[in-house]
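For reference, the structure discussed in these notes is given below.
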Amino acid sequence: MSIAIPSFKVETRSGTSSLAALAAFAGLALAIAAPLVVSRGVVQDLFFILTTLVLAQNWNLLAGYAGLISVGQQVFVGFGAYAMFGAVILAGLDPIAAILIAGALSALLAIPTAFFTFRLQGPYFAIGTWVVAEVVRLLLAQWKALGGGTGTSLPRDATRDMIGVDLIRDLFGMKAAAASDALTYWIALLLALATIGFIYRLLRSKQGLGLAAVRDNEQAARAVGVDARRMKALVYVATAFVTGVAGALIYVQKARISPDAAFSVTDWTAYVIFIVVIGGIGTIEGPIVGVVLFFLLQKLFADFGSWYLLVLGVIGILVMLFTPRGLWGLFSDRTGIQLFPVRRTLIGGPPAHTPKGGPNG
Amino acid sequence: MSIIDTIVQGVLLGGLYALFAAGLSLVFGIMRLVNLAHGDLIVLAAFLILLLSSALGLNPFFAALIAAPLMFVAGWALQYFVLNRTLGNDVLPPLLVTFGISTVLQNGLLEAFSADSRRVSIGALEGASTGLGPLNVGLMPLITFLSALTVIFGLNQLIYRTALGRAFRATSDDIVTAGLMGIRPQRIFAVATGLAMVVVTIAALYLGTRANFDPTSGPSRLIYAFEAVIIGGLGSLWGTLAGGVILGVAQTLGAAVNPEWQILAGHLAFLAVLVIKPRGLFPRAVD
C-alpha cells in the first residue's frame with residue numbers, strides 16, 4: 001500500500017510581481033539617465049527622495065520587521081556624517097572612500113549602543129535610543145577639530161576632486177558642481193537599490209521568516225528555535241551600517257555640518273516615521289509610496305512652515321488609528337497586488353488551503 | 001562647602017525632574033502606555049499658565065490652579081477618544097500616535113506662540129533665597145522640591161488608600177477581571193491620564209518660573225522624565241523621586257566641572273544605572 005505524496009512547491013513570486021519587475025527595469029533606465037536629461041535642481045530633489053527612501057526602508061526593517069521601534073536613528077545619520085567629515089578633514093581621505101568608512105564606523109557604534117538599549121523593552125527601547133543619540137550629539141559637539149557646537153564645512157575642493165567627478169566631467173561635459181551632484185545622485189540610486197534588494201532577499205530567506213515569526217510572536221518563535229535576540233541584534237547593526245552610509249552621503253552633498261542638524265530628530269527620524277506609517281509599515285512598497293507622497297506634500301506646503309509638519313503629524317495619527325497598515329496596505333488588501341511578495345504560498349497538492357496568516361509571511 | 005552646596009542644588013533640581021516624571025510613571029504603571037508627547041504636554045501647560053497669568057494678570061500659582069482642571073479635561077479626552085484606541089498587545093500604535101501628537105503640539109505651539117523663548121514671571125519670589133542650616137538656597141527650588149514631595153505623597157495616598165486608587169491597581173493588575181467587577185477600564189484610564197495632566201500642570205508651573213522655555217523644549221523634558229523613571233525603577237513613585245534626585249545631582253556636579261557637561265553628565269548617570277541595575281534602583285513591578 002503506498003500513498004501518493006503530492007508535490008508541493010513554496011513560492012513567493014506572483015504574476016504582478018513579474019510585471020512590476022519589467023516596469024522597474026524601464027524605470028531604472030530612466031533613473032540612471034536622469035542627471036543627463038534634467039536640471040540640477042531636479043537631480044538634487046531626486047537625491048533627497050532616494051536618501052530619504054534609504055532611511056525609511058531601514059527604519060521600516062527595524063520597526064516593521066524586527067519590532068525594534070527606534071526614535072534614535074538620527075544617531076547613525078549624524079555619526080556617519082561626522083565620521084565622513086573626520087576622515088576627509090583630518091585624514092585627508094576622498095569623500096567617496098570616507099562614506100564607506102563612515103558606514104563601518106556606524107556599524108561599530110551600533111554595538112555599544114545595543115549594549116545599552118537592548119536592556120530596555122518596547123517603548124522604553126524607543127526613548128533609550130533617543131538618549132543614546134543625545135549622548136553622541138553632546139560628545140561630538142565637544143570635538144573642537146570639527147567645529148564643536150557650531151559645526152564646520154567640507155573644504156571646497158574636497159567635493160570637486162572626488163573620485164569619478166573628473167571622469168563624469170569629461171564624459172558628459174558637465175561643470176564640476178553638476179558633476180559632483182550627478183555622482184552623489186548615482187551613489188544614492190545605487191544605495192537605494194542595494195538597500196531594497198538586501199531587505200527583499202533577507203525577507204525571502206530563512207532568516208527573514210524567522211524575523212517575521214519573532215515580530216508576530218516572540219515566545220512562539222523562540223520555542224521553535226529562532227534566536228530572537230541574535231536576529232534583532234544583526235538587523236540593528238545592519239541598519240546602522242546603511243543608515244551611516246546614507247548619513248555620510250547626505251552630508252557629502254550638503255558639505256556643511258553642525259551637531260544640531262546632523263542629529264536632528266525631526267529631519268532624520270520624525271519624517272521617516274511618518275513616511276513609513278503613512279505609506280504602510282511592514283511592507284517594502286509602503287516606504288516607497290510614503291516617500292513620494294511626502295515629497296509632493298513638502299513641495300505643496302513648503303511655504304507654510306510648521307503647518308506642514310503639523311498636517312503630517314495629524315495624517316500620521318489618523319492613519320495609525322484607522323488604517324494601521326498604511327496606504328499601501330489599504331491598496332494591497334483591495335487589489336491583492338504585491339510588488340515585493342514575501343508571503344509564502346503553497347503551490348499544488350491537496351488539501352487546498354487558503355493562505356492565512358500575517359501579510360508578509 | 002561648595003561641593004555640598006552643589007549637591008543640595010542638584011537634589012532640589014531633582015524635585016523638578018521628579019515632577020516631570022510622576023505623570024509618566026503614573027500612566028505607565030496603570031496602562032503600560034509610554035506617552036512620547038509627555039514633554040510637549042508639559043510645555044503646553046506652561047504656555048497655558050503663561051497665557052492665563054499675562055492675559056488676566058493673575059499670579060502664576062493662581063493661574064496654575066485654573067489651568068489644572070483644563071488640563072485634566074484635555075488629558076481625559078485625549079485618553080478616552082484617542083489613546084484608548086491604541087492600547088493592546090502591540091506597542092507600535094501607542095508609540096506612533098503619541099509621537100504624532102508630540103509633533104502636532106510642537107508645531108501648533110510654534111504657530112501660536114512663535115519660536116521665542118518665554119518665562120513666567122513670579123515677581124519678588126524669583127531671586128529670593130532662604131537659609132537652610134549653613135547653606136543658602138533659592139526659595140523657588142525649595143518650593144519645587146517640597147511640591148514634588150507633596151505630589152508623590154498625595155499620589156501614593158490616592159493609589160493605596162482610596163476607591164479610585166483600588167480601581168487603578170485592579171485595572172493595572174488584571175484588566176479583564178477588573179472589568180468583571182464593574183470597573184470600566186476605559187474610564188479608569190481616562191481619569192488616570194487626566195490626573196497625570198494635573199501633575200503635568202504643577203511641573204509646568206515650576207518649569208516656566210525656573211527657566212526659559214519655548215515650543216521645542218518638550219522632547220528634552222520627556223527624556224529627563226524618562227530617565228528619572230528608569231533610574232528609580234518602573235512602578236515605584238518614590239523610586240521616581242530618587243531617580244529625579246540622582247539625575248539632578250549628576251547634572252549639577254557635571255555643570256560644576258564644565259557648564260557644557262551638565263546634560264551629558266545626567267545622561268551618563270542614566271546609562272551607568274542601566275548597566276548596573278537594568279530594572280532600576282527600586283523596581284516594584286515585573287513588566
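Within every chain, numbering begins at 1; the chains are lettered A, B, ... in the order of the sequence lines, protein sequences first and strands thereafter. Note: hydrogens, waters and symmetry copies are ignored here, and every other heavy atom, side chains too, is used.
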Looking at every heavy atom in both A:A126 and B:L95, which two are closest together, and how far apart are they? CB-CD1, 4.0 Å

With chain B as the partner, which of A:L318, A:V319, A:V132, A:L309 has the greatest number of non-hydrogen pairs under 4.5 Å? A:L309

Report which part of A:A270 has an atom under 4.5 Å of a heavy atom belonging to chain B: side chain, backbone, both, or neither. both

The interface call for B:P219 against chain A, heavy-atom contacts under 4.5 Å, is both

Might you point out which heavy atoms bring B:V91 and A:P123 nearest each other, and give the distance in Å? CG1-CD, 3.9 Å

Report the distance from atom CD1 of B:I223 to atom CD1 of A:I127, rounding to the nearest 0.5 Å. 8.0 Å

Counting neighbours of CZ on B:R118 that are heavy atoms of other residues, nucleotides or ligands and sit closer than 6.0 Å, is the number greater than 12? yes

Is A:F116 atom CZ crowded by more than 12 heavy atoms from other residues, nucleotides or ligands, each under 6.0 Å away? yes

Portion of A:F304 that has a non-hydrogen atom of chain B nearer than 4.5 angstrom: backbone

Parallel under 30°, tilted from 30 to 60°, perpendicular over 60°: which one fits the rings of B:F28 and A:Y124? perpendicular

Please classify the contact of B:V229 with chain A as side chain, backbone, both or neither, using a heavy-atom distance under 4.5 Å. side chain

Close side-chain approach of A:L120 to B:F226, heavy-atom, < 4.5 Å: yes

What residue, out of B:L36, B:L92, B:T86, has the most heavy-atom pairs lying under 4.5 Å from chain A? B:L92

Interatomic distance, CD1@B:I230 vs CZ@A:R119, rounded to 0.5 Å, equals 12.5 Å

So what's closer than 4.5 Å to chain B heavy atoms on A:V314: side chain, backbone, both or neither? both

When rounded to the nearest 0.5 Å, the distance separating CZ of B:R85 from CD1 of A:I317 is 12.5 Å

Hey, what do you get for CG (B:L271) to CZ (A:F115), rounding to the nearest 0.5 Å? 10.0 Å

Calculate, to the nearest 0.5 Å, the distance between atoms OG and CG belonging to A:S306 and B:N107 respectively. 5.0 Å

So which part of A:V311 gets closer than 4.5 Å to some heavy atom of chain B, the side chain, the backbone, both or neither? neither

Flag side-chain contact, heavy atom, 4.5 Å: B:I263 against A:E134: no

Any side-chain heavy-atom pair from B:E227 and A:V131 closer than 4.5 angstrom? yes

Is there a side-chain contact between B:T103 and A:L312 (heavy atoms, below 4.5 Å)? no

Taking atom NZ of A:K299 as the centre, report whether more than 12 heavy atoms of other residues, nucleotides or ligands fall under 6.0 Å from it. no

Gap between atom CD1 of A:I278 and atom CG of B:L96 - 0.5 Å precision: 11.0 Å

Side chain to side chain, A:L138 and B:W261, heavy atoms closer than 4.5 Å: no

